[in-house]
Structure formats: C-alpha cells, structure tokens
S.K.: 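Just passing along the structure, written as structure tokens.
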Number of protein chains: 2
Amino acid sequence: MTHSGRKPDEGERYRAILETSARLICERGYEGTSMQEIAAACRMTKAGLYHHIQNKEQLLFAIMNYGMDVFEEQVLSRVQGIEDPVERLRACMRHNILLVTRGWSKEVIIILHEHATLTGEARAFIDARKKKYVDFLEEAFAQASAAGRIRPVDPTIGAFSFLGMVLWVYKWFKPDGRLSDEQIADGMVDMLFPPVVAAATEGQPGTSSLRVVPRATGTGAADAASVAVPGAASKEKP
Amino acid sequence: MTHSGRKPDEGERYRAILETSARLICERGYEGTSMQEIAAACRMTKAGLYHHIQNKEQLLFAIMNYGMDVFEEQVLSRVQGIEDPVERLRACMRHNILLVTRGWSKEVIIILHEHATLTGEARAFIDARKKKYVDFLEEAFAQASAAGRIRPVDPTIGAFSFLGMVLWVYKWFKPDGRLSDEQIADGMVDMLFPPVVAAATEGQPGTSSLRVVPRATGTGAADAASVAVPGAASKEKP
DNA sequence: CCTATGTTACCTACCGGTCGGTAGGGCGTT
DNA sequence: AACGCCCTACCGACCGGTAGGTAACATAGG
C-alpha cells in the first residue's frame with residue numbers, strides 16, 4: 001500500500017471477495033455461512049482466502065463498511081445538497097427504497113440484518129456511521145417541522161419512522177410482486193410527505209393545503225401463501 | 001396422551017424450555033446459539049433437552065408459533081373488535097409497539113429477526129400466520145381510505161409502512177433512552193393517523209391539536225456513540 | 001401389602017462431520 | 001533472490017444429534 005498504480009487488479013481481488021462473501025452471507029446469514037463456503041464461492045481454498053482477510057469478523061466489518069460507502073454514494077451524497085428539507089426527505093426516501101429493492105448491494109442488506117452481530121470497536125464504528133444518517137434525518141425533520149412544511153413531529157420519531165418504513169422493505173419485497181419498487185417508493189413518499197397544492201389561499205404554508213393524489217385500491221404483494229399444517233400445530237408439544 | 005388430568009405441570013416444563021431458549025436465541029441469534037448452550041441454560045444436558053424437542057429447527061418453529069400466539073393475544077384480539085378503522089389502526093399500532101418495546105416476549109423478536117431462517121413447510125406455516133396480520137391491516141387501510149378518514153393510499157403500501165415503523169423499533173429502541181415507549185407509540189400514531197380537528201375553518205387546522213415532546217439537545221435514543229477507528233478503515237484492506 | 005411392568009425424565013458417552021484458523025511449501029513474476 | 005499468491009495438510013474445539021442406561025414414579029394384579 002505504498003503508492004498507487006500497481007497491477008491492473010490492485011484491490012480488485014479484495015473487492016471481489018467482499019462482494020462474493022456478501023452475496024453468501026446475505027443469503028444464509030453471518031453465522032450460517034462457513035469460511036469454507038465463502039472460499040469455495042471465491043474459487044479458492046480456505047487458506048487462500050485467509051491470505052486476503054484477517055478473520056471472519058473483520059470480513060463482516062469490511063463488508064459493512066463497503067455497504068456504508070455504497071449507501072453514502074447512492075443516497076446521502078445525492079440528496080444532502082437539496083435545500084428544501086421536505087424535498088430532501090422525499091428524494092432521500094426514494095433513493096433509499098430503491099437501494100434496498102434493487103439489491104445491487106448485498107452489503108447494505110447485511111448491514112440491515114446483522115445489526116447486532118459485530119461487537120466491540122467494530123460494532124461501535126459501524127454504529128457511528130449509521131448515526132450520521134440518523135442525525136441527517138433528524139435535522140431534516142426538525143427543519144421541515146419548524147418551517148411548518150410537515151405536521152410537527154419529534155425529529156427522532158420522524159427519523160426512525162422514516163427508517164422503519166424504508167428499511168423494513170428488505171424483509172418483504174419481492175421483485176415480481178404486484179407493486180413495483182417505483183410504486184412503493186412513490187406511495188411511501190406521498191404517505192409520509194404529502195404533496196402540497198401550492199398556495200391554497202396565499203402565504204400560509206400550513207397543512208391547510210394538503211391535497212390528495214388519486215390512487216387505486218387492491219392488495220397482494222408479499223409473503224407466502226397458506227399451506228397445510230406441518231408437523232406440529234401452535235401450542236401442542238410434538 | 002390417553003386422557004386429560006395429568007401431572008400438575010402438564011406442559012409447564014416445555015413452556016419453560018421455549019422461553020429459556022427464546023431468551024438465548026434472541027440474544028445470540030439462531031445459528032449463533034448451540035444446543036449445548038440452550039441445554040445448559042435449561043439446566044439440563046443436551047440429551048436431556050432432546051427428550052423434549054425433536055431437533056433444533058422444530059424448536060425454532062415452536063418458539064415462533066408461541067410468539068405468534070402471544071402477538072395475537074396481546075395485539076390482534078384486543079383491536080379487531082373496534083369498528084372505526086382508523087381507531088382500530090391507532091390502537092393496533094400502539095399495542096404492537098408496546099409489545100416490541102416491553103420485551104416480555106423474546107419469541108416475538110425472534111419472529112421479526114429470523115424471518116428467513118426456517119425453510120419448507122414450517123416457514124410457509126409461519127408466513128401464513130403473518131399474512132393474516134397483513135390482511136387485517138390492509139383491510140383496515142382500505143376501509144379508512146374509502147371512508148375518507150385518511151389520505152388515500154394503496155392498502156398494501158399502508159400496511160407495510162405501518163409494519164415497518166412499528167417493527168423496526170426492535171432494532172434501535174433502548175429502554176433508557178430519551179423517549180419512552182409510550183412517547184414513541186403516541187408520536188408514531190399521531191404521525192401516521194393524525195387526529196382530525198373537525199371543522200377547522202381558520203388558523204392552521206392540522207397542527208393545532210398536537211404537540212411535540214419537549215426536546216433535549218442531541219439525539220440520544222439510539223445506537224452507539226462515536227469511537228476511535230478500529231483495525232481497518234472504510235475502503236482499505238486490512 | 002408387595003411386586004411386575006411401563007413410562008417419564010433425565011444422564012454419560014460418544015458419533016461423524018464441520019467449525020474458524022494456521023503452518024509451511026510451491027510457483028510465477030519481478 | 002524476494003515477494004505475492006495460493007495450495008495441501010492439518011489443528012483442537014465444537015457442532016447437531018443419538019445410543020443406551022438408570023433413577024423415580026405410577027399403575028395393576030395378586
């Protein structure tokens with residue numbers, strides 16, 4: 001790591017390892033994925049893999065930092081220049097939902113799911129990076145509240161409601177469902193930040209001007225169908 | 001199992017095993033918890049534990065069904081009699097948030113976290129129980145939308161927004177944070193289902209009846225503080 | 001009353017296999 | 001010659017799960 005301009009694949013191999021192991025860990029969970037499997041997926045032996053990484057937990061830590069980099073590039077950096085706090089939140093929600101649904105970054109999903117897997121300093125470091133996002137959202141909510149652009153809400157509650165709606169999506173979204181990710185993004189944005197019909201009377205930007213966008217009804221995007229009861233029913237012991 | 005009226009503790013022992021193992025699995029994750037540890041926590045040997053259960057996956061399945069029972073008793077059964085759809089949703093959100101924050105049922109948290117751990121029939125069975133809840137929410141949203149009691153929204157998007165806000169709480173709530181669980185419940189309920197001020201012809205109609213929790217400096221509810229950088233920073237390989 | 005017979009609830013001891021991780025060597029490039 | 005890269009071979013610990021035995025207790029027959 002002395003200077004730049006090494007081989008054509010510089011850190012490419014390492015990046016490939018992160019992405020490959022992220023794919024596996026995303027599918028099977030951190031504890032449920034063995035180093036054997038990760039090495040095989042990288043078309044290496046376990047010892048070969050350990051040439052590139054220190055240990056399993058450091059690998060997870062690297063994956064999560066990689067995921068935070070992707071998030072900041074794909075979401076945060078694209079919206080933090082927006083002046084209007086409501087527009088900032090709307091754009092942020094949209095980008096964040098699409099980041100989850102598109103699934104290009106398994107690393108991001110791992111950050112969401114393995115929120116309590118890391119320990120010690122690594123855990124604290126990732127948490128601190130997450131907290132910067134929470135702070136960003138809280139400030140936007142505070143500004144929007146103060147400006148009367150949204151219904152007044154405690155900024156922390158606003159931020160975590162935002163995050164819950166957006167991030168929970170990874171648990172239920174199916175790309176081939178009734179609702180496209182675009183529809184979900186639009187629907188959630190309109191739900192939390194209703195579009196305002198400008199200047200209902202004049203000057204007064206309060207909630208008086210909340211108007212509604214026409215929308216269809218119907219159901220059916222997610223989860224599984226019903227199935228005959230397996231081995232044991234609810235309360236009885238097998 | 002010839003007839004009823006057995007020993008005083010009937011299935012008590014089994015229930016205790018479920019609760020004890022739920023506590024451990026909730027702390028360490030399903031894959032991260034060994035049967036050895038579970039048995040020890042039950043003050044048994046592993047073979048003794050296996051006298052009561054079939055295998056590890058069936059144990060998880062039993063825990064999740066137990067959790068669904070608790071949920072239906074503590075939340076669903078208490079609100080599905082409410083006629084007004086908005087009041088039904090408000091009460092449901094409140095009960096569900098408190099079910100998560102109070103943490104009396106680790107089984108419920110396991111259902112939330114281990115959403116993709118089970119496979120096959122057991123997975124489908126739990127998913128079907130979850131789907132009943134989604135259906136319940138979608139119907140309530142559809143009713144509330146149709147009655148003009150809330151801003152029109154696709155019922156599926158409404159239901160999963162609701163669920164995201166409510167269930168994500170398990171990932172960040174700390175009992176000793178700035179916000180109590182009651183405050184969070186109230187705040188989120190008012191955010192998604194604003195109390196209507198009937199016949200507000202002047203002033204700011206929407207904002208008049210709700211107030212924000214007095215706000216201390218900083219954010220304070222969640223995650224961790226900042227910490228010196230551990231072994232490796234963002235992009236560099238260790 | 002006292003056995004015979006099950007049944008329940010656990011134990012010790014052990015299974016084959018896999019876990020995360022490492023030592024040390026070969027080999028191609030510089 | 002030296003280095004990066006990846007291999008074979010192996011480590012001790014632990015994994016989920018089981019075989020087989022035993023102490024405690026309940027019931028039924030005599």
Side-chain angles (χ1 to χ4, degrees), chain A residues 1-18 20-22 24-25 27-63 114 117-120 122 231-232 236-238, chain B residues 1-18 20-21 24-25 28-63 114 117-120 122 231-232 236-238:
Chain A
M1 55 165 75
T2 50
H3 66 303
S4 61
R6 195 85 62 79
K7 259 191 297 189
D9 60 344
E10 171 66 27
E12 274 304 309
R13 195 90 183 82
Y14 185 65
R15 246 181 67 131
I17 288 174
L18 288 193
T20 300
S21 48
L24 254 73
I25 291 175
E27 284 168 11
R28 314 208 229 278
Y30 172 76
E31 305 271 13
T33 311
S34 72
M35 297 304 284
Q36 204 88 255
E37 292 171 317
I38 291 174
C42 295
R43 281 185 279 187
M44 268 191 275
T45 59
K46 207 170 28 153
L49 172 64
Y50 269 97
H51 173 74
H52 298 276
I53 67 168
Q54 295 182 12
N55 55 50
K56 198 183 182 186
E57 190 169 354
Q58 268 279 334
L59 172 63
L60 177 61
F61 178 63
I63 289 172
E114 309 285 351
T117 305
L118 286 179
T119 60
E236 66 189 9
K237 77 185 247 191
Chain B
M1 55 162 71
T2 51
H3 64 304
S4 62
R6 197 84 63 80
K7 258 191 300 187
D9 62 341
E10 176 62 31
E12 275 303 311
R13 194 89 185 83
Y14 185 66
R15 247 181 67 132
I17 288 174
L18 288 194
T20 300
S21 48
L24 253 73
I25 291 175
R28 313 210 231 279
Y30 173 75
E31 305 271 11
T33 310
S34 73
M35 297 303 283
Q36 202 86 255
E37 291 171 318
I38 290 173
C42 295
R43 277 182 287 182
M44 266 190 279
T45 59
K46 208 175 19 155
L49 173 62
Y50 270 96
H51 173 74
H52 297 276
I53 67 168
Q54 296 181 13
N55 55 51
K56 199 184 182 186
E57 191 170 354
Q58 267 279 335
L59 172 63
L60 177 60
F61 178 63
I63 289 171
E114 309 284 351
T117 306
L118 286 179
T119 60
E236 66 188 8
K237 72 186 248 193

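Worth knowing before you read on, the calculation uses all heavy atoms, side chains too, and leaves out hydrogens, waters and symmetry mates.
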S.K.: Using atom CD of A:Glu37 as one end and atom C1' of C:dG20 as the other, report the distance to the nearest whole Å.
M.R.: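 Whole-Å distance recorded here is 13 Å.
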S.K.: Could you check whether B:Ser34 gets within reach of a base, just the sugar-phosphate, or nothing at all, counting any heavy atom under 4.0 Å?
M.R.: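 It contacts sugar-phosphate atoms only.
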S.K.: Between B:Thr45 and C:dC11, is there a side-chain N or O to OP1/OP2 distance below 4.0 Å?
M.R.: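 For B:Thr45, the contact criterion (side-chain N or O under 4.0 Å from OP1 or OP2 of C:dC11) is met.
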S.K.: Determine whether a donor-acceptor pair (N or O, by modelled atom type, separation under 3.5 Å) exists between the side chain of B:Glu114 and the backbone of B:Tyr30.
M.R.: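 Confirmed, B:Glu114 side chain pairs with B:Tyr30 backbone.
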S.K.: Determine the minimum heavy-atom distance between B:Leu59 and B:Ser21, stating which atoms define it.
M.R.: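 The answer is CD1-OG, 3.8 Å.
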S.K.: Rounding to a whole Å, what distance do you find between B:Leu60:CG and D:dG16:C1'?
M.R.: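 So the two atoms are 15 Å apart, to the nearest Å.
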S.K.: Whole Å only: how far is the NZ atom of A:Lys56 from the P atom of C:dG20?
M.R.: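 Roughly 4 Å, once rounded to whole Å.
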S.K.: How long is the line joining CG of B:Leu49 and C1' of D:dG16, in whole Å?
M.R.: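 Roughly 11 Å, once rounded to whole Å.
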S.K.: Work out which heavy atom in A:Ala62 is nearest to a heavy atom in A:Leu18; give both atom names and the distance.
M.R.: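 Looking at all heavy atoms of both residues, the closest pair is CB-CD2, 3.9 Å.
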S.K.: Please state whether the base of D:dG16 and the side chain of B:Lys46 form at least one donor-acceptor pair under 3.5 Å?
M.R.: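 A donor-acceptor contact between them is present.
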S.K.: Check every atom of D:dC6, D:dA19, C:dA9 against the side chain of B:His51 and return the nucleotide holding the closest atom.
M.R.: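 Within the option list, the nearest is C:dA9.
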S.K.: Between C:dT18 atom C1' and B:Met35 atom CE, what is the distance in whole Å?
M.R.: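 It works out to 17 Å between those atoms.
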S.K.: Rounding to a whole Å, what distance do you find between B:Glu31:CD and D:dC14:P?
M.R.: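 Value for this atom pair: 18 Å.
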S.K.: Rounded to whole angstrom units, what separation is found between the CE atom of B:Met44 and the C1' atom of D:dT18?
M.R.: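 Going from CE in B:Met44 over to C1' in D:dT18 covers 17 Å.
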S.K.: If you assign A:Thr33 and B:Ala47 each to the DNA chain C nucleotide with the nearest heavy atom, which residue ends up on the more 5' nucleotide?
M.R.: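 Result of the comparison: B:Ala47.
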S.K.: Please determine, for the side chain of A:Tyr50, which listed nucleotide (D:dG16, C:dT22, D:dC6) has the closest atom?
M.R.: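 Of all the options, the side chain of A:Tyr50 is nearest to C:dT22.
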S.K.: Using distance alone, with no hydrogens and no angle criterion, decide if B:Thr119 and B:Glu57 have a side-chain donor and acceptor under 3.5 Å apart.
M.R.: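 Present: a donor and an acceptor within the cut-off.
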S.K.: Strictly below 4.0 Å: does A:Arg13 bring a side-chain N or O up to OP1 or OP2 of D:dG4?
M.R.: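 A:Arg13 to D:dG4 OP1/OP2: no side-chain N or O under 4.0 Å.
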S.K.: Of all the nucleotides listed (C:dA9, D:dG17, D:dC15), which has the minimum atom distance to the side chain of B:His52?
M.R.: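 From the listed options, C:dA9 comes nearest.
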S.K.: Which whole-number value in Å describes the distance from A:Gln36 CD to D:dC11 C1'?
M.R.: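 My rounded result for the distance is 14 Å.
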S.K.: How close do B:Thr33 and B:Leu24 get, counting heavy atoms only, and between which atoms?
M.R.: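 Here B:Thr33 and B:Leu24 meet closest at OG1-O, 3.7 Å.
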